[in-house]
There are 2 protein chains.
Amino acid sequence: MAVTLADVAARAGVSSATVSRVLSGNYPVAGATRSRVLRAVDELEYVVNGPASSLAAASSDLLGILVNDIADPFFGIIAGAVQGELEGRTDGPGPRKLAVVCNTGGSPERELTYLTLLQRQRAAAIVLTGGAVEDPQHSAALTTRLRRLAAGGTRIVLCGRPPLDEPAAATGTGARQPGPPPSGPELSGPPPSGPVSSAKPRSAAGDRGPLSAAHDGTRGGVLTVAFDNYGGARELTEHLLALGHRHIGYVAGPAERTTTRHRLEGHRAALAAHGGVTADRAEQLTVHGGGYDRSCGYQGARELLRRAPGTTAVLAANDTVALGVCAALREMGLRVPQDVSVAGFDDLPFSVDTSPALTTVRLPLQEAGARAGQLALGTLAPPPSGIVTVRHELRLRASTAPPRTGG
Amino acid sequence: MAVTLADVAARAGVSSATVSRVLSGNYPVAGATRSRVLRAVDELEYVVNGPASSLAAASSDLLGILVNDIADPFFGIIAGAVQGELEGRTDGPGPRKLAVVCNTGGSPERELTYLTLLQRQRAAAIVLTGGAVEDPQHSAALTTRLRRLAAGGTRIVLCGRPPLDEPAAATGTGARQPGPPPSGPELSGPPPSGPVSSAKPRSAAGDRGPLSAAHDGTRGGVLTVAFDNYGGARELTEHLLALGHRHIGYVAGPAERTTTRHRLEGHRAALAAHGGVTADRAEQLTVHGGGYDRSCGYQGARELLRRAPGTTAVLAANDTVALGVCAALREMGLRVPQDVSVAGFDDLPFSVDTSPALTTVRLPLQEAGARAGQLALGTLAPPPSGIVTVRHELRLRASTAPPRTGG
DNA sequence: CTGTTAGCGCTTTCAC
DNA sequence: GTGAAAGCGCTAACAG
């Protein structure tokens with residue numbers, strides 16, 4: 001349990017510095033010496049002491065990945081892709097860096113805790129995946145933390161969540177306590193229909209406008225791989241509208257998550273543009289689930305159909321939720337898509353295999369993860385804006401069809 | 001990026017030793033001093049240097065989790081549960097230890113590589129999840145590695161894979177080069193129907209016998225959380241047999257994986273016990289997929305039905321594969337379960353929501369992960385055998401029914 | 001190309 | 001209860 005560099009050096013008849021150089025490979029060493037060292041390493045079964053080298057080199061080969069739910073393939077796919085980028089570009093037979101996947105469970109506190117843990121380990125980079133929680137206090141804390149980390153040399157990449165706000169340039173001293181928005185509620189349960197409409201003002205603008213107005217290319221060094229949740233949802237709703245649906249329900253995810261908000265706003269925007277559905281009606285047809293799992297879909301659909309039995313189509317927060325929605329509908333004796341159309345979001349692997357196959361919006365999770373990994377490793381040069389947006393794509397399948405009675 | 005213990009000490013007017021003691025909390029320190037230190041820590045936003053403390057303390061707070069496929073919920077659920085155990089029993093507001101989830105992609109080399117990386121970081125414990133690859137050479141290498149690690153104080157836990165063989169006690173000097181079994185092939189593609197029958201001899205006995213015959217309680221310090229893949233598969237086949245099926249196809253996973261072998265053997269055992277199906281016939285009705293994903297199920301089912309059009313039931317390697325099987329059947333115009341029954345394995349969350357709901361064997365993945373985590377942390381006292389077996393359970397749902405013509 | 005020499009920041013005896 | 005000091009094993013100047 002204790003063979004050190006010095007041992008190897010002694011065995012090979014060289015200094016420990018030479019062994020170190022051979023091992024790190026970034027320094028010229030004579031061929032003969034090198035192989036002698038390598039042999040000694042082998043014979044002694046020497047394994048580098050990571051902490052020691054991290055300490056001496058003031059850097060580590062750890063890359064942190066924060067996910068909201070590791071049991072959800074959405075995150076698994078992204079995390080796997082990020083991790084995949086750690087391999088390949090290595091000298092030896094495998095990855096040199098280690099990916100640390102941290103499961104926050106969607107909890108802001110844990111997010112911060114893991115950030116501390118990662119910082120403690122002097123992680124080389126950190127990728128934060130999935131929707132962020134929109135509590136202003138937490139956002140401020142997180143932004144500060146992330147900026148500080150980035151300033152300290154840790155590469156920070158957001159994947160699937162909105163870019164950090166611009167560093168306060170003209171406004172004043174700091175972003176520490178941005179006044180809470182009019183709607184106010186922090187983490188307390190928002191009223192059933194409140195947060196969406198109240199959030200609307202900062203809405204689409206906040207989600208898209210700033211991208212072009214960036215002064216600081218790297219936004220304080222924090223890079224982003226963005227999904228267009230808004231656009232995807234809008235297109236999906238347009239598809240339903242085109243099919244003739246007018247009573248479109250929406251089973252949304254947790255109200256405080258950015259992903260939820262953006263998708264819902266896209267949906268509302270399509271409705272508004274079409275004009276056939278009032279905002280009130282849209283509101284009435286929206287149900288908020290507490291999470292992104294199937295039971296939320298199941299319960300959401302029951303609630304929705306109780307509230308509005310005439311619903312002819314249901315949009316779900318994501319594919320998993322859509323599965324729950326389908327289950328509930330079936331149980332109520334409603335056929336998909338003959339009686340009610342259903343659509344998901346994400347296009348997880350199972351979605352093509354459900355019965356009926358799920359209409360959804362495909363998010364290139366694999367690609368997004370890979371890009372995030374590249375940005376984190378510095379393999380991919382970040383664009384001037386600091387934001388890489390990946391493309392989504394409508395996947396029209398069997399779960400959506402024209403309504404029975406034409407609307 | 002560089003506030004150190006000394007800085008905090010200076011600020012608090014104490015020595016760095018005192019600060020260290022306050023922070024680690026395992027040493028008496030005067031209340032006044034402690035709070036003074038804590039305040040300084042806060043004011044300076046001090047974050048411990050993990051590598052430095054790991055080096056000095058010769059230990060780290062990293063826990064490694066090796067998974068075959070991080071995008072597969074099977075592993076995500078287990079990993080999440082392991083990680084969950086890291087929380088709770090802490091002083092501060094969150095986990096003190098960090099879980100490092102490593103995605104091996106099922107590759108033996110990468111498994112070894114990650115083990116090295118983890119060893120390099122001086123991980124406190126390592127949990128290896130999911131089926132192992134049965135190449136004798138790799139097994140030997142892995143076993144040696146694991147034993148060495150365990151001997152060096154790293155806690156090793158196997159979750160969902162068979163226990164390590166007993167350390168060679170009477171046989172000789174070491175387990176370094178156990179003679180390759182009669183069937184011989186190492187990593188080369190095995191013949192379509194070969195490995196299973198050739199593996200049969202070491203079969204059920206190897207899977208169950210040794211458990212009771214253990215002399216070394218901890219098997220060289222390597223603990224195991226075991227699934228009864230064999231028993232689950234056997235019960236599932238018995239269920240189908242009882243329903244009246246006689247032409248039962250099996251779409252298996254990768255041939256070289258222990259999970260595949262055990263499940264297949266359980267299936268074969270039920271068939272043999274029942275007597276109505278010859279071994280040849282069973283062989284003919286077995287198709288091997290290259291992985292555990294839906295496309296393997298899809299292609300496997302097509303192959304199977306081509307080979308044996310009279311098949312009335314299909315058992316899949318797992319739920320995900322079963323999804324692909326269902327898709328293929330539907331595409332061929334066969335209804336599930338009226339024309340063909342289908343069953344999976346694992347009972348992943350989506351399985352209850354497919355249409356029809358999938359008959360399967362529930363594996364308590366969450367519980368298994370939690371147990372593995374506890375063993376890894378030393379929170380749970382290992383049983384004398386070193387092996388914790390978790391219970392499985394048949395989940396009979398709508399995808400299985402009696403065959404059309406009674407057999 | 002290789003050896004020498006300082007630390008990296010923390011933990012931990014050992015005194016006081 | 002607290003401080004002083006000696007490393008933990010490695011890297012990175014700096015000489016040669």
Side-chain angles (χ1 to χ4, degrees), chain A residues 1-38 40-41 44-62 96 116-117 119-124 152-153, chain B residues 1-38 40-41 44-62 96 116-117 119-124 152-153:
Chain A
M1 194 51 194
V3 31
T4 73
L5 247 204
D7 299 332
V8 178
R11 179 90 142 124
V14 298
S15 76
S16 60
T18 300
V19 178
S20 171
R21 295 198 262 252
V22 169
L23 260 25
S24 52
N26 49 18
Y27 207 86
V29 173
T33 317
R34 137 174 274 100
S35 49
R36 203 140 37 86
V37 168
L38 255 17
V41 164
L44 264 34
E45 293 188 305
Y46 170 70
V47 175
V48 179
N49 183 320
S53 71
S54 292
L55 172 58
S59 77
S60 91
D61 43 10
L62 252 38
R96 184 155 201 77
T116 302
L117 248 31
Q119 182 177 3
R120 186 175 295 182
Q121 299 298 332
R122 301 300 187 256
Chain B
M1 194 50 193
V3 30
T4 71
L5 248 204
D7 298 332
V8 178
R11 179 88 142 126
V14 299
S15 76
S16 59
T18 301
V19 178
S20 172
R21 296 199 260 252
V22 168
L23 259 25
S24 50
N26 48 19
Y27 207 87
V29 173
T33 316
R34 135 174 276 100
S35 51
R36 203 139 38 85
V37 169
L38 255 17
V41 164
L44 264 32
E45 293 187 307
Y46 170 69
V47 175
V48 178
N49 182 320
S53 70
S54 292
L55 171 58
S59 78
S60 91
D61 43 9
L62 252 38
R96 181 158 203 75
T116 302
L117 249 32
Q119 183 177 1
R120 188 175 292 181
Q121 299 298 333
R122 302 296 187 258

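Proteins come first, then strands; the chains are lettered A, B, ... in the order of their sequence lines, and each starts at number 1.
The two atoms that bring B/Gly25 and B/Arg34 nearest to each other are CA-NH2, 4.4 Å, heavy atoms only. Shortest non-hydrogen contact noted between B/Ser16 and B/Leu5 is O-CD1, 3.7 Å. When all heavy atoms are compared, the tightest approach of B/Leu55 to A/Asn49 is CD1-ND2, 4.3 Å. B/Arg36 approaches B/Ala12 most closely through the heavy-atom pair NH1-O, 2.7 Å. Nearest approach of B/Val8 to B/Val3, heavy atoms of both residues: CG2-CG2, 4.4 Å.
Contact check for B/Val22 versus B/Thr33: no side-chain heavy atoms found under the 4.5 Å cut-off. Considering only heavy atoms from C-beta on, A/Thr18 comes within 4.5 Å of A/Ser15 through its side chain. Counting heavy atoms from C-beta on, the side chains of B/Arg122 and B/Ser54 never come closer than 4.5 Å.
When rounded to the nearest whole Å, the span between CG of A/Asn26 and C1' of D/dA12 equals 10 Å. As rounded to whole Å, 16 Å separates atom P of C/dG9 from atom CZ of A/Arg120. B/Asn49 has its CG atom 17 Å from the P atom of D/dG9, to the nearest Å. Distance CG (A/Leu23) to P (D/dA12): 13 Å, rounded to an integer number of Å. Distance OH (B/Tyr27) to C1' (D/dT2): 9 Å, rounded to an integer number of Å. In this structure, CG of A/Leu5 is placed 17 Å from P of C/dT5, rounded to the nearest angstrom.
For residues 28-38 of chain B, proximity to DNA chain D is found at B/Pro28, B/Val29, B/Ala30, B/Thr33, defined as any non-hydrogen atom under 4.0 angstrom from a strand atom. Taken residue by residue, residues 52-61 of chain A places heavy atoms nearer than 4.0 Å to DNA chain C at A/Leu55, A/Ala56.
For the OP1/OP2 pair of D/dT2 and a distance below 4.0 Å, the side-chain nitrogens and oxygens of B/Ser15 include no atom meeting the criterion. Applying the 4.0 Å criterion to OP1 and OP2 of C/dT2, one finds that A/Thr18 has every side-chain N and O outside that range.
The base of C/dG3 sits with one of its N or O atoms less than 3.5 Å from a complementary donor or acceptor on the side chain of A/Arg21.
Atom CZ of A/Arg120 and atom OG of A/Ser60 lie 14.0 Å apart (nearest 0.5 Å).
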